[in-house]
Amino acid sequence: MPAAAPPSERSVVTRIAPSPTGSMHIGTARVALFNWLYAKHFGGTFLLRIEDTDRERSTAGAVQVIFDGLQWLGLQPDAPAVFQYARADRHREVVEAMLRRGAAYRCYMTVEDLAAERERARADGRAIRSPWRDRDPAESENRPFVVRFKGHLEGETVVNDLVKGTVAFRNKELDDLVLIRSDGSPTYNLAVVVDDHDMGITHVIRGDDHLNNTARQTLIYQAMGFALPEFGHLPMIHGEDGAKLSKRHGAQAVSEFSDMGYLPEAMRNYLARLGWGHGDDELFTDAQAIEWFDVRDVVRAPARLDWAKLAHINNHYIRLADVPRLCDLVIDNLRRQDMELPADTKTRLLAAIPLVKDGAKTIVELGELCQFVLKQRPITLDEKCRSLLTEETRNLLTRLMDWLSKQDVWTPTALLESLREFAKAEGVGLGKFGAALRAVLSGGASAPDLASALCALGSDESLARLEDALSQVR
RNA sequence: GGGCCCUUCGUCUAUCGGUUAGGACAUCAGAUUUUCAAUCUGGGAAGAGGGGUUCGACUCCCCUAGGGCCUGCCA
């Protein structure tokens, strides 16, 4: 058992406790981030506990999804994960102690009894109570039973929440919750309390869907004489229409955000800014977030996921990201789309990415912006491209080829200057041959400005593509 | 039904009794222009409603409305 020092005197220990029943929700990611920020702010410890007490729904695959999600987000726990189900004996041990203290009782109600009681309780506007609170277990005829917490009929339980403030519950509103199921397995409300206590958690930062549970859990802490941690309940994330985030709103799993080409540092920045702020600061580093963060400053109202703002922040981090990393991400992404890639893809992308990344909101978009450089010669021109190659433009492009072949500095600025000079020498505007040149260079794919496109392609490839096109349309 | 939480521009937020209610994203207009984007300049845009308290309320209190959560042998 850990030292009994009150949480306020120990160094900060936070945790996230997801249940492994599917994908990792973006809301879980934000809760993880806030716990991580809070722990790091105080030089404390951030832990992970897998809440797998629901044996029906928990899967090993979902556990892996959580590990992967946290790793991708860069929110590594400071210790190996604790698996809740593995601690079932300890949970039962605590319940035995509660039984001895008279803080819990065996309840032999049948499913039918329970349903009837639930109905009565509802009609009376009170919480569920079992007649077995006061009955002698000997009358049970050895029927199966659950262990229930023996709630208080009077008084109130106060939760001092770091974000919601003081919240009071009348004890009569708090039901006699099940601690141990009839199959002997511990339930969530019991397990969280025991595990948070045993793991030395000082700050329980979680979604505000647990605010009501906190009162019930507080009763268990008190019954066991466990020191109460601090609580901080974060509002949930909603979709753009203000309703609870669901499939209808698009992505909700962390993995989907990664697939769509969002950068983890962008996610951290965006998620931190969602429901928390530090003055007018919008774009900040992890170090700044850690320095500034405090759960007490978390906004009390639910926040909506704003894709446009996420995209804007992601663009900011794509600009900041170094090219080789972006290159690897783009290649991964294109492979996932089953795109056929030339052998020298990496070289081509390395040349193109610096010239186009400022305009990319996601890695997927960045991949699209690089399409022109990935085309392999000879590029077949579609109808639209061909129609741009009138006799006049073909003549212009032929002379431009000659002009460019004498160009020795292949930088966007030098090339832009050169194109302008060429146009001037020809006595035409850039518009006269710009569209045609673009078509020839890109083969119809999206491409950056002409100078950048030429630069990304390099002189050999650029001239060859011109040559191909001119001979093709002769 | 009962309990609890929440409510500032379209969205995320600042404000912690005295501000022309600020910023960001989005949007609109203009500039730039070889496509798209980016970039630059400028504009519009908010305290849910009603009562109090106070010299003074977005800020404190109450009511109403709307949204959310819990009310499981799910977590």
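Just so it is clear: chains get the letters A, B, ... in the order the sequence lines come, proteins before strands, and each one is counted from 1.
Annotation: B:U71 and B:U64 have their C1' atoms spaced 24 Å apart (nearest Å).
Under 3.5 Å, the side chain of A:N213 and the base of B:A75 form at least one donor-acceptor pair of N or O atoms.
In this structure A:D402 satisfies the side-chain hydrogen bond (donor to acceptor under 3.5 Å, both in side chains) test together with A:K406, sequence neighbours excluded. In this structure A:W403 satisfies the ring pair (Phe, Tyr, Trp, His ring centres under 6.0 Å) test together with A:F422, sequence neighbours excluded. For the side-chain hydrogen bond (donor to acceptor under 3.5 Å, both in side chains) test, residues two or more places apart in sequence or in another chain that qualify with A:Q64 are A:D68. Residues that satisfy the side-chain hydrogen bond (donor to acceptor under 3.5 Å, both in side chains) test with A:D196, not counting sequence neighbours, are A:R15, A:R49. Annotation: side-chain hydrogen bond (donor to acceptor under 3.5 Å, both in side chains) contacts of A:Q371 (sequence neighbours excluded): none.
Of the residues in residues 176-186 of chain A, those with a non-hydrogen atom less than 4.0 angstrom from any atom of RNA chain B are A:V178, A:R181, A:S182. Contact check of residues 359-370 of chain A against RNA chain B (heavy atom, cut-off under 4.0 Å) returns A:G359, A:K361.
For the side chain to side chain donor-acceptor pair (under 3.5 Å) condition, the pairs that include at least one residue of residues 291-300 of chain A, sequence neighbours left out, are A:Y38-A:R296, A:D294-A:R296. Applying the ring pair (Phe, Tyr, Trp, His ring centres under 6.0 Å) test to residues at least two apart or on different chains, the pairs with a partner in residues 144-173 of chain A are A:Y108-A:F145. Listed by first and then second residue, the side chain to side chain donor-acceptor pair (under 3.5 Å) pairs involving residues 446-458 of chain A are A:D449-A:S452 (not counting sequence neighbours).
Using a 4.0 Å cut-off, some side-chain N or O of A:T53 falls inside it from OP1 or OP2 of B:A75. Distances shown here put every side-chain N or O of A:R206 at or beyond 4.0 Å from the OP1 or OP2 atom of B:C69. In this model, the phosphate group of B:U13 is not approached by any side-chain N or O of A:R273 to a distance below 4.0 Å at OP1 or OP2.
A salt bridge is absent between A:D195 and A:R90; no separation between the charged side-chain nitrogens and carboxylate oxygens falls under 4.0 Å. Ion pairing between a basic and an acidic side chain is recognised when a charged N comes within 4.0 Å of a carboxylate O; A:E392 and A:K432 show such pairing.
Distances were taken from every side-chain heavy atom of A:D175 (C-beta onward) to each of B:C25, B:U71, B:U34; the shortest belongs to B:U71. Closest to the side chain of A:A303, out of B:C70, B:G23, B:C12, is B:C12.
B:U35 is unpaired under the criterion used here, namely a Watson-Crick or G-U wobble arrangement in which both key atom distances are under 3.5 Å. Nucleotide B:G30 has B:C40 as its partner under the Watson-Crick or G-U criteria, with both atom distances under 3.5 Å. As the counterpart of B:U11, B:A24 is assigned, both hydrogen-bonding distances of the Watson-Crick or G-U wobble pattern falling under 3.5 Å. The partner of B:G66 is B:C6, by the rule that a Watson-Crick or G-U pair needs both atom distances under 3.5 Å.
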Tabulate atom names and distances for all N/O pairs under 3.5 angstrom spanning the protein and nucleotides 27-33 of chain B.
none

## Note on the structure
Reading nucleotides 1-10 of chain B from 5' to 3' and marking B where a protein heavy atom lies under 4.0 Å of the base, S where only the sugar-phosphate is that close, and - otherwise, the string is BSBSSSS---
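Protein atom CG of A:D297 is 8 Å distant from nucleotide atom P of B:U15, rounded to whole Å.
Heavy atoms of A:G429 sit nowhere under 4.0 angstrom from any nucleic acid atom.
Counting all heavy atoms, side chain and backbone alike, A:A29 lies closest to A:L271 at CB-CD2, 4.3 Å.
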